[in-house]
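Keep in mind that this is a model prediction, so the values were computed, not measured. First the proteins, then the strands, lettered A, B, ... as listed; each starts at 1.
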Amino acid sequence: MILQTQSHSLRPLTTAHLAQTMTLLELNGEQLRQKIESELAANPALEQVDDHHCPSCGRSQSTAGICPLCSHPREVTPEQPIIFVSPYSEFVPGEYRPSAEETPSEEWSALPEDLPAYVLHQIAGELAEEDRPLAAHILTSLDDDGLLRLPISEIARYHHVPLGRVQRLIVQIQHAEPVGVGSSTPQEALLVQLEVLAETGPVHPFARRAILEGMELLSRRAYHELGRILGAPTAEVQRLAAFISENLNPYPARAHWGDIHAGADSPHLFITPDILISRLNDSPNSPLVVEILSPFAGSLRINPLFREALANAPEEKIESWQEHLDQATQFVKCIQQRNHTMVRLMQIMVRLQRRFILEGDAYLMPITRAQLAVELDVHESTVSRAVSGKAVQLPNRRIVMLDKFFDRSLQIRTALRDLIAQEKRPMSDTEIAKKLLQLGYPVARRTVAKYRSMEGILPARLRHNGAKPLST
DNA sequence: CTATGGCACGGATT
DNA sequence: AATCCGTGCCATAG
């Protein structure tokens with residue numbers, strides 16, 4: 001009867017548990033990894049065990065003891081996502097997999113690292129020894145966007161090597177992840193990406209020509225004019241533009257584009273997703289697979305040997321050992337709690353934002369963290385912590401921050417973008433506001449202006465011919 | 001006079 | 001309690 005006061009929930013969480021779970025939630029993959037490592041090093045009671053791997057798909061069978069991918073699908077309808085926690089090492093960055101065999105998983109666990117090192121690691125294998133300094137030179141000369149602004153000839157001259165060799169090297173670099181790095185212009189980067197993309201799937205038929213001949217029109221969103229040049233209807237050009245902005249990125253170092261002008265991503269750092277959403281077997285109409293990447297292989301548990309040792313421990317050590325044990329138990333629980341929370345979070349997230357995940361920005365539901373909190377029956381701040389600083393890789397391979405799932409204005413902003421893309425002549429903000437209202441988005445004129453600038457769209461007057469360069 | 005961007009306020013969100 | 005976001009008002013540019 002004394003214990004009653006503690007908690008109304010089923011979970012026997014002490015406040016200490018709670019506090020630690022909170023902190024763990026807040027960490028993203030990389031930070032969590034460090035945390036676990038230090039904990040592992042400091043606490044002999046803690047032990048990391050390798051789990052069995054599923055013979056057919058190779059995934060960890062960690063918590064449930066069954067393979068989520070091989071055993072679940074039979075019982076699962078396409079609407080029901082498969083959600084599980086999966087060890088980090090299975091993650092293939094960007095899934096472009098330039099040369100799949102050559103990427104030892106330990107390399108990636110060091111992420112995020114800076115861009116030059118990141119790229120260098122990838123190409124190191126196929127790099128001739130004497131090309132290394134050359135590559136290093138090129139990579140360190142990249143700007144924030146991942147583009148090489150230095151003339152190639154200069155590099156060649158500096159190292160006294162033929163131009164062709166530098167060019168070959170650059171081609172190599174361009175094909176590393178992020179595809180297109182080391183190009184000298186956004187245009188070139190797009191072309192390389194297109195080429196790579198074409199190897200794995202269909203690309204838009206006009207894409208190449210549009211980039212080649214109509215780059216400038218493309219960046220101005222002058223779709224009509226572009227259509228004339230390409231000999232395609234404007235509607236087709238819009239589809240093309242959508243294709244390009246979905247799949248290609250003129251600034252390879254930026255994780256996603258669309259908010260090119262926001263410059264929100266921390267420069268130089270590479271974002272490794274903490275969550276991976278894909279389709280089973282990559283085929284459409286199959287269930288979504290949501291993997292919560294856990295930064296360590298296998299699972300953590302209390303070292304049984306330590307427990308034994310504690311039983312007949314020397315008198316003076318008992319206390320400190322017991323403390324270790326408690327700490328370890330709690331830590332393990334907290335990790336599990338964290339995973340559990342993440343899984344539940346993603347379940348709801350996928351249910352609510354299914355269309356957004358599959359079909360793009362336009363279908364983002366305006367959800368607030370608070371709403372999610374009541375569904376999950378956790379405190380709002382818990383949700384807040386859980387979503388902050390985490391990145392998700394969507395089925396279309398774009399990486400977005402988890403906060404984006406809560407962006408209340410994204411839906412309207414894409415509507416606005418479409419509207420402007422389709423406009424015959426530049427519309428004033430007031431007109432746009434009116435159109436948006438018709439579409440069911442009541443927004444004030446002033447707000448339209450704000451959204452416009454967020455999207456990097458020029459005011460009506462300047463939209464007609466004055467081109468604004470894509471850069472900042 | 002119209003279209004925009006800046007500043008600031010109030011309500012919602014975190 | 002701190003912050004973010006949509007809006008209204010006003011100054012300014014065209």
Side-chain angles (χ1 to χ4, degrees), chain A residues 18-28 31 220-222 258-266 274-275 338 341-342 344-346 348-349 352-353 356 361-392 400-469 472:
Chain A
L18 263 176
Q20 195 169 4
T21 311
M22 285 300 179
T23 15
L24 288 181
L25 256 185
E26 207 163 13
L27 304 177
N28 65 29
Q31 294 163 327
R220 267 168 43 202
R221 300 164 204 269
D259 42 353
I260 289 168
H261 312 269
D265 355 16
S266 46
D274 302 288
I275 297 161
R338 173 189 193 267
T341 311
M342 290 304 288
R344 289 204 305 150
L345 178 82
M346 288 315 293
I348 303 218
M349 212 62 133
L352 259 39
Q353 304 289 23
F356 163 70
D361 289 356
Y363 300 95
L364 182 77
M365 300 273 297
I367 289 298
T368 77
R369 301 171 218 266
Q371 288 171 340
L372 210 57
V374 304
E375 289 227 33
L376 283 168
D377 191 27
V378 295
H379 196 277
E380 305 167 351
S381 71
T382 311
V383 180
S384 227
R385 287 170 175 353
V387 296
S388 68
K390 305 234 171 33
V392 185
V400 301
M401 296 305 283
L402 197 47
D403 330 22
K404 191 165 176 177
F405 283 60
F406 293 97
D407 193 323
R408 270 165 297 150
S409 57
L410 189 69
Q411 209 188 3
I412 308 189
R413 291 211 308 269
T414 45
L416 174 135
R417 214 188 307 151
D418 284 357
L419 220 49
I420 293 181
Q422 284 167 230
E423 76 188 352
K424 281 199 92 159
R425 58 181 74 266
M427 303 163 74
S428 75
D429 287 350
T430 325
E431 290 173 290
I432 297 177
K434 225 177 142 216
K435 286 268 189 188
L436 281 175
L437 181 60
Q438 289 170 14
L439 289 169
Y441 304 118
V443 238
R445 180 234 105 213
R446 190 64 191 77
T447 311
V448 173
K450 289 257 162 91
Y451 287 171
R452 234 186 348 89
S453 62
M454 281 185 178
E455 294 296 320
I457 301 171
L458 290 168
R461 179 175 328 154
L462 302 171
R463 237 179 286 147
H464 185 55
N465 43 22
K468 187 191 170 197
T472 57

- Side-chain N,O (Arg369(A)) to OP1/OP2 (dT13(B)) below 4.0 Å: no

- Task: Quick one: list whatever passes ring pair (Phe, Tyr, Trp, His ring centres under 6.0 Å) with Tyr441(A), sequence neighbours left out.
- Result: none

- Message: Given 3.5 Å as the limit, does a donor-acceptor pair link the side chain of Lys390(A) with the main chain of Leu27(A), or not?
- Response: yes

- Item | Straight-line distance of Leu419(A) CG to Thr414(A) OG1, nearest 0.5 Å | 11.0 Å

- Task: Can you tell me the distance, in whole Å, between the CD1 atom of Ile367(A) and the C1' atom of dT14(B)?
- Result: 16 Å

- If you round to the nearest 0.5 Å, how far is CZ of Arg452(A) from CE of Met427(A)? 12.0 Å

- Taking atom P of dT13(B) as reference, at what distance in whole Å does atom NE2 of His379(A) sit? 15 Å

- Using a 4.0 Å heavy-atom cut-off, write out nucleotides 1-14 of chain C from 5' to 3' as B (base contacted by protein), S (sugar-phosphate only) or - (no contact). ----SSBBB----S

- Task: Give the intermediate values and the outcome of side chain to side chain contact (heavy atoms under 4.5 Å, CB included) for residues Thr341(A) and Leu376(A).
- Result: CA-CA 9 Å; Thr341(A) 311; Leu376(A) 283 168; 5.5 Å; no

- Does the side chain of Met342(A) reach to within under 4.5 Å of the side chain of Leu25(A), using non-hydrogen atoms? yes

- Message: Tell me the interatomic distance from Arg452(A), atom CZ, to dA3(B), atom C1', rounded to whole angstroms.
- Response: 9 Å

